[in-house]
Amino acid sequence: MFEDIKKFSITARYFLIATFLMGLSNGMFDAVYNFYLEARGIDKTATGFIYAVAMSMMAAAVVPLIYLSRKIAQKKLLLIAACLYSLPFMLLPVLSSVWASAVTLGLILSGMIALLSLGNSLMGSHIDPKSRTTLFSWFFVSYLGAAMTGSVVVSIVTHFSETAALRHYQWILTASFISSLLMIGFRVKSVQGISEPEKDNRHFSGIKSTEWLNFITLFIAALLLGASITLVFRFINIVFHLAYTMNISEISLIMGADKIVSIIGAVFAPLIVKRFSLKIAIIIIGIMTFVCLYLQSLPISVVLFISLYFVRLFLNYCLMPLLDTLAITGFAEGKTLLSTSIRQLSFYMGSALSAILYGDLLDAGRWEETLVISSVFALAGAVFMSLIRVRKE
């Protein structure tokens with residue numbers, strides 16, 4: 001598999017290095033940010049509000065991104081997005097107010113979603129079509145592998161450091177900023193010498209009734225799935241701490257190992273649809289996710305809880321590629337930009353809304369209820385996914 005990297009162009013390699021640095025920055029940030037807010041005296045309800053505002057900004061960023069991509073060269077827009085993602089990181093170690101933290105995090109997440117969309121679009125247009133799947137596979141491995149590395153670094157630092165908790169959280173957030181700055185440099189190199197993809201200036205008109213139903217169903221499905229996975233992506237360190245009084249070093253190790261499981265899940269997704277039809281696979285994953293999360297809400301051993309957490313992540317990364325597939329195959333070719341944008345918008349809108357709910361419950365120590373609610377969201381989202389009509393197999 002490593003031989004594939006040697007076959008990539010130098011710009012593709014820079015793209016993967018930039019992806020690694022972004023994953024490293026996010027991995028260190030994710031491992032400590034909730035604890036940093038707590039050290040600043042921000043309770044879990046306010047933490048949920050911060051994530052709600054930030055993810056609302058992230059969801060809303062999809063709309064201007066689509067508009068600006070028709071007015072500004074994508075390479076230039078990519079570099080703007082890289083700066084929007086990176087520069088606000090410098091503020092995180094010094095902010096102490098809820099609103100300032102929410103807006104700053106919102107800018108970072110908005111830049112990130114633009115980077116993911118534009119970076120993949122540019123490299124996908126540049127690379128040999130036969131190598132696209134391999135490139136995006138390495139994109140996923142690079143990002144999650146770096147995030148795992150970031151979590152391990154945090155675990156080591158927090159375990160051996162003798163400084164005050166707030167101080168080493170600030171140093172780790174500063175390291176995230178430095179990694180993101182390095183990422184900008186490699187983003188610049190990754191777009192040098194590649195051509196702009198053709199702009200799609202068509203208007204989204206002539207949508208049929210079947211497609212309208214698919215748009216609505218896709219919106220609801222992505223909303224529910226985003227609401228479910230937010231508990232894992234944004235609050236799992238708090239859940240671990242409340243359920244088993246784990247410290248940040250132990251939690252960081254688990255969050256590092258979960259990236260390996262995530263990579264395996266994404267690789268496993270194509271194998272599932274080869275054995276089962278797309279919709280049967282979705283229902284099976286939805287039911288398994290529901291059972292997994294519900295079992296976690298019961299009094300069980302820490303080993304079983306962690307094992308179910310890994311299974312939950314595995315199932316999520318099996319399901320997400322299927323959601324992206326349906327966002328394309330359920331719509332006419334001229335409508336796929338709109339459908340994929342709706343998928344992103346509703347997914348992060350669900351994340352924003354559920355963050356408030358999860359924050360309130362966790363602030364009250366009711367972590368079991370968050371798992372039950374997340375399980376219901378996951379199952380309902382899978383059911384709505386299965387209702388999307390596929391235009392072409």
Side-chain angles (χ1 to χ4, degrees), residues 23 26-35 38 44 47 141 144-161 165 172 225 228-269 271-272 284-320 354 358-359 361-379 382:
N26 285 344
M28 291 187 287
F29 165 82
D30 287 338
V32 303
Y33 190 58
N34 286 344
F35 295 107
E38 186 176 10
K44 296 175 182 64
T47 298
V141 171
L144 289 175
M148 177 181 67
T149 302
S151 295
V152 173
V153 168
V154 169
S155 179
I156 294 171
V157 170
T158 55
H159 180 74
F160 291 103
S161 175
I172 291 168
L225 293 174
S228 176
I229 198 60
T230 295
L231 181 64
V232 171
F233 283 170
R234 296 300 175 192
F235 296 99
I236 195 60
N237 47 6
I238 296 176
V239 173
F240 273 125
H241 181 69
L242 289 175
Y244 298 98
T245 60
M246 291 184 181
N247 60 43
I248 186 171
S249 180
E250 294 168 332
I251 295 171
S252 295
L253 278 178
I254 295 170
M255 292 177 69
D258 69 25
K259 304 303 183 296
I260 299 175
V261 177
S262 301
I263 292 171
I264 296 172
V267 172
F268 203 77
L271 303 178
I272 295 176
I284 291 174
I285 294 172
I287 293 172
M288 291 177 66
T289 302
F290 173 83
V291 172
C292 177
L293 286 165
Y294 185 79
L295 287 175
Q296 282 187 293
S297 71
L298 303 176
I300 56 177
S301 69
V302 63
V303 173
L304 181 55
F305 189 93
I306 293 172
S307 299
L308 289 171
Y309 166 66
F310 287 148
V311 173
R312 167 63 178 114
L313 273 174
F314 173 83
L315 293 171
N316 176 70
Y317 282 98
C318 285
L319 192 62
M320 287 301 99
S354 65
Y358 293 142
L361 290 172
L362 291 172
D363 198 37
R366 295 154 60 184
W367 59 270
E368 300 95 336
E369 293 179 33
T370 64
L371 289 163
V372 174
I373 292 170
S374 181
S375 70
V376 173
F377 284 153
L379 180 59

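Numbers here simply count residues along the sequence, with the first being 1.
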Using a 4.5 Å cut-off on heavy atoms from C-beta on, say whether the side chain of [Y] contacts that of [X].
X    : Y    : value
Y358 : L371 : no
I254 : F310 : yes
V232 : Y309 : yes
L225 : F377 : no
V153 : I156 : no
T289 : N316 : no

(request) Using the test side-chain contact (heavy atoms from CB on, under 4.5 Å), find all partners of A382 that sit at least two apart in sequence or belong to another chain. (result) I282
Approximate separation, where rounding is to 0.5 Å, of [X] [atom1] and [Y] [atom2]:
X    : Y    : atom1 : atom2 : answer
F35  : T47  : CZ    : OG1   : 11.0 Å
L319 : I285 : CG    : CD1   : 5.0 Å
I236 : L313 : CD1   : CG    : 8.0 Å
Y244 : E250 : OH    : CD    : 13.0 Å
I229 : Y317 : CD1   : OH    : 7.0 Å
I251 : I238 : CD1   : CD1   : 9.0 Å

Which pair of non-hydrogen atoms, one from [X] and one from [Y], has the smallest distance, and what is that distance?
X    : Y    : result
N237 : A31  : ND2-O, 4.2 Å
L293 : A378 : CD1-CB, 4.5 Å
S228 : R312 : OG-NH2, 3.0 Å
H241 : M246 : ND1-O, 2.8 Å
G23  : A146 : C-CB, 3.7 Å

(message) Can a donor-acceptor pair be found, under 3.5 Å and without considering hydrogens, that links the side chain of S375 to the backbone of V372?
(response) yes
(request) Please lay out, stage by stage, how L361 and W367 fare under the test side-chain contact (heavy atoms from CB on, under 4.5 Å). (result) CA-CA 7 Å; L361 290 172; W367 59 270; over 6 Å; no
Which side-chain N or O atoms in residues 296-308 pair as donor and acceptor under 3.5 Å with protein atoms at least two apart or in another chain?
{"residue": "Q296", "atom": "NE2", "partner": "F305", "partner atom": "O", "Å": "3.2"}
{"residue": "S297", "atom": "OG", "partner": "Y294", "partner atom": "O", "Å": "2.5"}
{"residue": "S301", "atom": "OG", "partner": "L304", "partner atom": "N", "Å": "3.2"}
{"residue": "S307", "atom": "OG", "partner": "V303", "partner atom": "O", "Å": "2.8"}

(request) Report the residues that fulfil ring pair (Phe, Tyr, Trp, His ring centres under 6.0 Å) with F235, sequence neighbours left out, ordered by chain and then residue number. (result) Y51
